[in-house]
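These notes are about the structure you will find just below.
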There are 2 protein chains.
Amino acid sequence: MLPPTLLAMTIDVVPFAICAERLAVLLARHSAGWRLPGGSIGADEDLDAAARRHLVEQTELGEVYLEQLYTFGQPDRDPGQRTVAVAYYALVPAGRPPVDALPIADRVRWASVDALPALTLDHGEIVALAHRRLAAKLAYSTIALQLMPERFTLSELQAVHETILGEPLDKRNFRKRILALDCIEVTGDMARRGGHRPARLYRAKRPGQVDFIK
Amino acid sequence: MLPPTLLAMTIDVVPFAICAERLAVLLARHSAGWRLPGGSIGADEDLDAAARRHLVEQTELGEVYLEQLYTFGQPDRDPGQRTVAVAYYALVPAGRPPVDALPIADRVRWASVDALPALTLDHGEIVALAHRRLAAKLAYSTIALQLMPERFTLSELQAVHETILGEPLDKRNFRKRILALDCIEVTGDMARRGGHRPARLYRAKRPGQVDFIK
DNA sequence: ACAAAAGTGTTTTTGTTACACCCATGT
DNA sequence: ACATGGGTGTAACAAAAACACTTTTGT
């Protein structure tokens, strides 16, 4: 058998968050436009670790849910040199320090998935695939909790689902289903925001953990 | 940003088939035991193409369903040199020329997934992940048809499902569900095998295509 | 008092599961 | 005639969908 080929490899990360009721991706400024955060893999670095490192270095988003998505290796995907990209997606909880307040604010930007600027290489496709995967996972896992702040209302959680799926959900059925999953619990505190009845605040029972359902 | 790192990359393929009512994997003989078919990636070769090429070269199995599974990149997964493996799985229809009849018969071997020999590196984990993925896909796609010969009976299809899931299924419910999917059609011919009533032979309506359901 | 979002059950519909007998062939 | 797997429908149950009004706050 032939020895393994040496190939240029990168990591690309699709960092998702909910911004202003929209599913948004954090993009990094690049000479030729915008691209996904990412970069090289250390000689002795795990792929997951490399993804996390690039995310922290370029976006200051640590401690987020991270999952491998797909590996893109078409020879012509990078017109410069042949590069294989291992793509990941990350879920950033709402309530993290907003990018505008960070020193890196001029290097990155949140962009809504349905109004993305042109991205370098095949990064547009990578985002599209990540979005589909995320939407599919809503149906059979508790993954949406990874996009929520520590404490949240049921209406907020429902809005996140609706944003990702792109369709409205029935309030009573949604609540029934979520509570039956036994993945969140009441905190006892109330969110009083706006001129209306205060809402109960919930928290994840097992923060950081994604459960599969059914 | 740093330039992409050059890393040793390989392709590993998990070729599944149903042999003797068991889910089996085709293994390749290796100096240090058994391993999955696979190998290097050509400098200008697509990853999918490389997976298909290795499968043909090492196992003579062309024209099979092939899907990327996961990319394994732990730094210590290969004690020799650091190697990243892009893993695929393949589904081989029953009724292909059996391996024993091929000139490569002494280099490869079908092994049942529940009686695998020790495999090199992390290939055992790769097989386990592929098996889980395949079992999961039975529930929401017509992927099992990729393991069937051109013409097959409903009982044979049910047996394939049962073998992969490792549990028996109800005959009437299974038939109702499969026929409702509108993915197979009667050929008009009958399979008369054994001392009992002949069975209708079906064929896939869209051979080679995997539909998602629900 | 009004506007705005929170909270709450029941009915209907749909899909899933459980289950048993006759049929056509080879021996 | 008997053994073997092929073929078929219905009733019970569970899950999902549809649906409207009262409550609590801020202004």
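In what follows, chains carry the letters A, B, and so on, assigned in the order in which the sequence lines appear, proteins first and then strands, with residues in each chain numbered from 1.
- Remark: C1' of dT8(C) and CZ of Arg177(A) are 18 Å apart, rounded to the nearest angstrom.
- With 3.5 Å as the limit, one finds a donor-acceptor pair spanning the side chains of Thr71(A) and Thr71(B).
- Atom CG of Leu179(B) and atom P of dG7(D) are 10 Å apart (whole Å).
- Out of dT4(D), dA5(C), dA24(C), the shortest distance to the side chain of His196(B) is found at dT4(D).
- In this structure, Arg200(B) contributes its side chain and Thr187(B) its backbone to no donor-acceptor pair below 3.5 Å.
- Two residues, Gly194(B) and Arg197(A), neighbour DNA chain C, and the one matched to the more 5' nucleotide by heavy-atom proximity is Arg197(A).
- When the P atom is used for both dC19(C) and dG5(D), the distance is 22 Å, rounded to whole Å.
- Applying the 3.5 Å distance criterion, the base of dT10(C) shares a donor-acceptor pair with the side chain of Lys176(A).
- Across the protein-nucleic acid pair, Ile178(B) atom CD1 and dG7(D) atom P stand 14 Å apart, rounded to whole Å.
- Here Arg193(A) lies out of heavy-atom contact (under 4.0 Å) with every strand.
- Using a 4.0 Å heavy-atom distance criterion, Arg175(A) is classed as a base contact.
- Residues Thr59(A) and Arg96(A) have side chains that never bring a donor and an acceptor to within less than 3.5 angstrom of each other.
- Within the nucleic acid shown, Arg192(B) has no heavy atom closer than 4.0 Å to any nucleic acid atom.
- One donor-acceptor pair, N or O on each side, does fall under 3.5 Å between the base of dA20(D) and the side chain of Arg172(A).
- Residue Ser155(A) has no polar side-chain atom (N or O) positioned under 4.0 Å from OP1 or OP2 of dA5(C).
- At whole-Å resolution of the value, CG in Leu201(B) and C1' in dG7(D) are 14 Å apart.
- Remark: P of dA15(D) and CG of Asp170(A) are 18 Å apart, rounded to the nearest angstrom.
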* **side-chain contact (heavy atoms from CB on, under 4.5 Å) between Arg193(A) and Thr153(A), intermediate numbers included** => CA-CA 11 Å; Arg193(A) 306 168 184 141; Thr153(A) 70; 4.1 Å; yes
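- Separating the CZ atom of Arg200(A) from the P atom of dT23(D) is a distance of 15 Å, rounded to the nearest angstrom.
- Atom CG in Asn173(B) sits roughly 13 Å away from atom C1' in dA12(D) (whole-Å rounding).
- What separates CZ of Phe174(A) from P of dA16(D) is a distance of 14 Å, to the nearest Å.
- For Arg109(B), the CZ atom sits in a packed shell: over 12 heavy atoms of surrounding residues, nucleotides or ligands are nearer than 6.0 Å.
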